[in-house]
Number of protein chains: 2
Amino acid sequence: MATIYQVSELAKVSLATVSRVMNGSSRVSDKTREKVQAAMKELGYRPNIIAQSLASNRSLCVGMLVSEIHGPFFGQMMSGVESELRAAGKHVIIAAGHSDEAKEKEGIEFLISRHCDAIILHVEAVSDEYLIELSQGEVPIILVSRYVEQLAEQCISLDNEYGGYLATKTMIEHGHREIAYVAGPQTKADAVARLKGHKRALAEHQLTISEDLIFEAEFKEHGGMLALEHFLKLNNNFTALVCANDEMASGAMSYARSHGLHLPDDLSIIGFDNVVFASHLYPKLSTIENPVHQMGQMAARIVLQQVYHVQQEEIQHQFEPMLINRDSIADLT
Amino acid sequence: MATIYQVSELAKVSLATVSRVMNGSSRVSDKTREKVQAAMKELGYRPNIIAQSLASNRSLCVGMLVSEIHGPFFGQMMSGVESELRAAGKHVIIAAGHSDEAKEKEGIEFLISRHCDAIILHVEAVSDEYLIELSQGEVPIILVSRYVEQLAEQCISLDNEYGGYLATKTMIEHGHREIAYVAGPQTKADAVARLKGHKRALAEHQLTISEDLIFEAEFKEHGGMLALEHFLKLNNNFTALVCANDEMASGAMSYARSHGLHLPDDLSIIGFDNVVFASHLYPKLSTIENPVHQMGQMAARIVLQQVYHVQQEEIQHQFEPMLINRDSIADLT
DNA sequence: TTGTAAGCGTTATCAT
DNA sequence: ATGATAACGCTTACAA
């Protein structure tokens, strides 16, 4: 592999000059630039990124920590980050945090030890205080799908409250009045906000908020099954079920079917996130789109802007959920 | 950040000695080792991985190219690679190839330019010749889910022929005799092998192989729909449909239902891959497990063994598919 | 067993 | 505009 030194010899200039034409920073006369470029081409010169990193103290790489590397949600996010960053010549190192505080911290440490120029984080277990302290450190962090007030400029989040509102409002507009709600763990900010939106939609339409029609469960298939079992036992005459995510919705659908309910005629269901399998379900699940891919892209752009000083057009910190209407809601009007 | 130099000062030894205790390679007396370790702890010393890379000409990182970063299939694979490698202190750089020859090559170039110590590849568009040539180069490559004879030691693959055989044999054992088969694009080796297995199962059970019961389509939902439409038009009395992957199976299920077929009573369906959403479908899809996660892990182990010389127990190059029996096959016996 | 010193391939600060 | 030259933080012969 040719080095900068060999290029400088062939072009009969100094190392410094070659470095200059590479970075395009300082001014170099057109003649010398051409000489150098010719020499580079002739030698098939490719800069050694590691040497660059050592000398410049920038690794040209950004770390990304997600809860799980598999899973539709994170896939979309990583995909958004990677495409944007690679187009800019940076590379991304991935690590998993497994929604566990110790593992998340360990993952972050790992990424820092790799000298990432920035770290994009999707963390669930770690506290706001930890993140604030982390942000004081050397390496810039960007938070995806999480809002920490003191770190607003570093956050990209979804308006979960509006999403929850939208889901329930959709049911109401389809003529539903008795609406059961499967909430996610109220320890998670997203879950809390979505539930809040649900209640706002109810209130806005003068519907009473009954605690008997709210059930808290894990963001998993099983959670949806438990919830529907619970509601069915209470024997409320609900016609619609709003689920705080698609997995729960899928679980509820299985459970409903195995208990003789015809979907969507006997029960309308809506999910949240619009993960890939939502459209594979039967009936195809109506849901609230969570634009994770775009949020990943935006995280990458913020890094480009803030860390690499590449001007970006329209940085957006908050994203709006959107209704995806498929076949799981019966129209009662 | 403390450097090796400061550690050496504090411990009153030379740089070289500090380096030695870090790498644990050459012999160092217990006393000095302890002195050095104490100094490292006191200074909170963390080696600079970039400097290590430059000096040792190893980056301690491995590249991974997948077709798409999202998608259940690749998620599982990356997840397997990451967990195994991080446990060994290496990090992984991801890149997407988008099943396009130019983009795959570009991705590989990118990874090479990043000085990866090895590259794990899931490529679809690039030719065997290209891969063979690539393998002559500086950086070792591992191929996942692809078999190239000349590169056998670098390949990890699934016995797709057996998988196809297993799928059809399962249908036969459930009493089906008229079995339609939706094949993947016969330009892809996996698709060819799976179809071959299907035919073998038929032959072994003295069933005739009718070309009217074979349809080639894209590995997508839509492909499954087209296939079923085709078969239905021909009006064969088939009772079972074997699909070369789960997405096709999902499409076929949608189509079947929208044409009044009751599943699985009117039509039994089996898929291939066992992606996440297979268990979310209705009826839950019986399918052939494709152990991508394990294959990813194994790829990582091969790298650990061949590149980093960390002894691994049982390296396995070929994986066996397995039947996952759920609810989409009716028993005719 | 330990130390000395020459790289590794750049960037960046000075001069010129 | 260009050139010397000192970092950057570590590994690794080679010596001692």
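Numbers restart at 1 for each chain; the letters A, B, ... are given by sequence-line order, proteins then strands.
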**Request:** Check whether any side-chain heavy atom of V62(B) lies under 4.5 Å from a side-chain heavy atom of D117(B), and answer yes or no.
**Result:** no
**Complete:** In short, the helix from dT1(C)-dA16(D) to dT16(C)-dA1(D) is bent end to end, axes from five pairs each side, to 10°, by 30°
**Asked** Can you tell me if E104(A) uses its side chain to pair, donor with acceptor, with the backbone of V126(A) under 3.5 Å?
**Response** yes
**Message:** Quick check: do C116(B) and C61(B) have side-chain heavy atoms less than 4.5 Å from each other?
**Reply:** yes
**Asked** Between L43(B) (CG) and dG9(D) (P), how many Å, whole number?
**Response** 14 Å
**Message:** So if I define the base as every atom that isn't primed, P, OP1 or OP2, how would nucleotides 10-16 of chain C read as a B/S/- string at a heavy-atom cutoff under 4.0 Å?
**Reply:** BBBB---
**Complete:** From CZ of R58(B) across to P of dT11(D) the rounded distance in Å is 12 Å
**Asked** Rounded to the nearest Å, what distance is computed from the CE atom of residue M1(A) to the P atom of nucleotide dG9(C)?
**Response** 10 Å
**Asked** Just wondering, are more than 12 heavy atoms of other shown residues or ligands nearer than 6.0 Å to CD in E314(B)?
**Response** no
**Prompt:** With a cut-off of 6.0 Å (strictly less than), are more than 12 heavy atoms of other residues, nucleotides or ligands near CD of E313(A)?
**Reply:** no
**Request:** Would you mind reading off the distance between N57(B) atom CG and dT11(D) atom P, rounded to a whole angstrom?
**Result:** 13 Å
**Request:** Round to a whole Å and report the spacing from NE2 of H115(A) to C1' of dG9(D).
**Result:** 9 Å
**Message:** I want to check one thing: is the phosphate of dG3(D), taken as OP1 and OP2, less than 4.0 Å away from some side-chain N or O of T17(A)?
**Reply:** yes
**Item:** Face-on cation placement of K188(B) at F219(B) ring, 6.0 Å and 45° thresholds
**Value:** no
**Item:** Exercise: identify the closest heavy-atom pair between G97(A) and K103(A)
**Value:** O-CB, 3.3 Å
**Item:** Which residues share a salt bridge (Lys or Arg N to Asp or Glu O under 4.0 Å) with D159(A), sequence neighbours left out
**Value:** none
**Fill in**
When rounded to whole Å, the CG to P distance for the pair L60(A) and dC8(D) reads 19 Å
**Complete:** K12(B) NZ to dG3(C) C1', in whole Å, measures 16 Å
**Message:** How close do Q312(B) and Q305(B) get, counting heavy atoms only, and between which atoms?
**Reply:** N-OE1, 3.4 Å
**Request:** Indicate, with a heavy-atom threshold strictly under 4.0 Å, whether T32(A) touches base, sugar-phosphate, or nothing.
**Result:** sugar-phosphate
